[in-house]
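In what follows, chains carry the letters A, B, and so on, assigned in the order in which the sequence lines appear, proteins first and then strands, with residues in each chain numbered from 1.
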Number of protein chains: 2
Amino acid sequence: MDYAGRLTAHLPMATRVLMLKSDGSVLIHSDGGSYKPLNWMSPPCSVKEITSEDQVEWVVTGKNDDTLRILIEEIQHDSSHELGIDPGLQKDGVEKHLQELLAEHPATLSAGLTLVRREFPTAIGPVDLMCRDAEGRSVAVEIKRRGDIDGVEQLTRYLDLLNRDPLLTGKGEVRGIFAAQEIKPQARVLATDRGITCTVVDYDALRGLDDPTERLF
Amino acid sequence: MDYAGRLTAHLPMATRVLMLKSDGSVLIHSDGGSYKPLNWMSPPCSVKEITSEDQVEWVVTGKNDDTLRILIEEIQHDSSHELGIDPGLQKDGVEKHLQELLAEHPATLSAGLTLVRREFPTAIGPVDLMCRDAEGRSVAVEIKRRGDIDGVEQLTRYLDLLNRDPLLTGKGEVRGIFAAQEIKPQARVLATDRGITCTVVDYDALRGLDDPTERLF
DNA sequence: CAATTAATGTCGCGC
DNA sequence: GCGCGACGTTAATTG
């Protein structure tokens, strides 16, 4: 196989699995690795088959002059199937859902915390949750599935900006809470250094706070 | 199919392609989309088959209690093949290669520029290229395939550090060059604001500077 | 349509 | 083995 597009790549002749989808896209899998093929062509693209004496060649052309040439010396097995339209995947549990759950139960982050609004708008982007604590101080919450340094930097930028707003700082400086299902040690150190509270969120426990009869799974 | 791990996901019953690799990993593909399966389990993992009256169930267990349950109502086709060890993919044209080419031809970045060394070590990581200009000033080059804000931040951190080293600043402040095949507008604004020069690199032209007889493709 | 951001990212290198 | 950054990232969301 030879690929030319964003990069140039070559695969020596070997036994592999070729998958050809109905949109013309092609996947070349080896027996291992992960779900990522060794090489591929994404749709939209078209496949042209060139048959010569003792071999078959596929020339796959994608957008932007991407080309994939596959030489087939031997076919161990060939099978074709009609799959029909796929109903699609239902996902649950990413950052958005975590945000919804925490918006419903802000007190799990810190006792006495109440929600002011979700996606609180600022000039440099929305703050995930804007809350108020028992003393009336504003609290900005940044939610991540995985808490690493980038998230702390992001929250810090928000806090810098928010603390210039007299409407928010009336009862004292705006506090920050960094909430994630997992917080990396480096992120925790940086956050602590900046006076930001780190909270590890237990997703299953949060879901348990909702009415179980409303859950699909 | 039901998946429970980092997130929870469900796939309704439909006709799909299941691929089972020798390391136990499982891929569930629909007839379209891209190379990414609808769902999967990455190695290391193990598959257990449970056969009942009128259906087959696969229970795939991965690391961290990830589980994938697949109910199979009907098998339209089943085929197994030994692929053997794969020779692997040969790549060409990513950042590493771009760095090699620019290291050979630093003057294409800025007239009179000469290379001091590649991967110049600092306490916070290596600078892609450390150069010197015609006036003897040090020039730090950060190379990206796609230039966005992160890259400018990275180069800024390097420059802050390098400018504290008297050995480098003897002939004046260390300059920065941000080189990429494509530079995002935001990145260009930020770089300019910080006195960093932006250079769009023409990969094909750079390759042309090398002896064509040395090229494999 | 371009730009921004999350991802069950995956992959590879260096410490 | 962990941490960090690139990736033909891909994919979803938003302006």
Exercise. D:dC7 P sits how many Å from B:L98 CG, rounded?
Worked result: 9 Å
Problem set entry | For atom CD of B:E119 and atom C1' of C:dG12, their distance in whole Å | 14 Å
Exercise. Heavy atoms under 4.0 Å, any strand shown: does A:Y3 hit a base, just sugar-phosphate, or nothing?
Worked result: base
Problem set entry | Between D:dA12 (P) and A:Q90 (CD): distance, integer Å | 15 Å
Exercise. Between D:dC4 atom P and B:E142 atom CD, what is the distance in whole Å?
Worked result: 16 Å
Exercise. Less than 4.0 Å between a side-chain N and a carboxylate O, is that true for B:E104 and B:R118?
Worked result: no
Exercise. If only atom types and distance count, is the side chain of A:K63 paired as donor or acceptor with the main-chain N or O of A:P44 below 3.5 Å?
Worked result: no
Exercise. Among C:dT10, D:dT10, D:dG5, which is the nearest nucleotide to the side chain of B:Y35?
Worked result: D:dT10
For this session: Compare side-chain N and O positions of A:S34 against OP1 and OP2 of C:dG9 and report whether any pair is under 4.0 Å apart.
Result: no
For this session: Mind calculating the distance between CZ (B:F120) and P (C:dG14) to the nearest angstrom?
Result: 18 Å
For this session: Rounded to the nearest angstrom, tell me the gap between atom CG in B:D128 and atom C1' in C:dC13.
Result: 14 Å
Seminar exercise, completed: Correct closest heavy-atom pair for B:D128 and B:V141 would be CB-O, 3.3 Å
Problem set entry | OP1 or OP2 of C:dG9 under 4.0 Å from side-chain N/O of B:W40 | no
Exercise. Tell me: NZ of A:K36 to P of D:dT10, nearest whole Å?
Worked result: 8 Å
Exercise. What integer distance in Å separates A:L7:CG from D:dT10:P?
Worked result: 10 Å
Exercise. Do the rings of B:H77 and A:H81 sit parallel, tilted or perpendicular, given the 30° and 60° boundaries?
Worked result: tilted
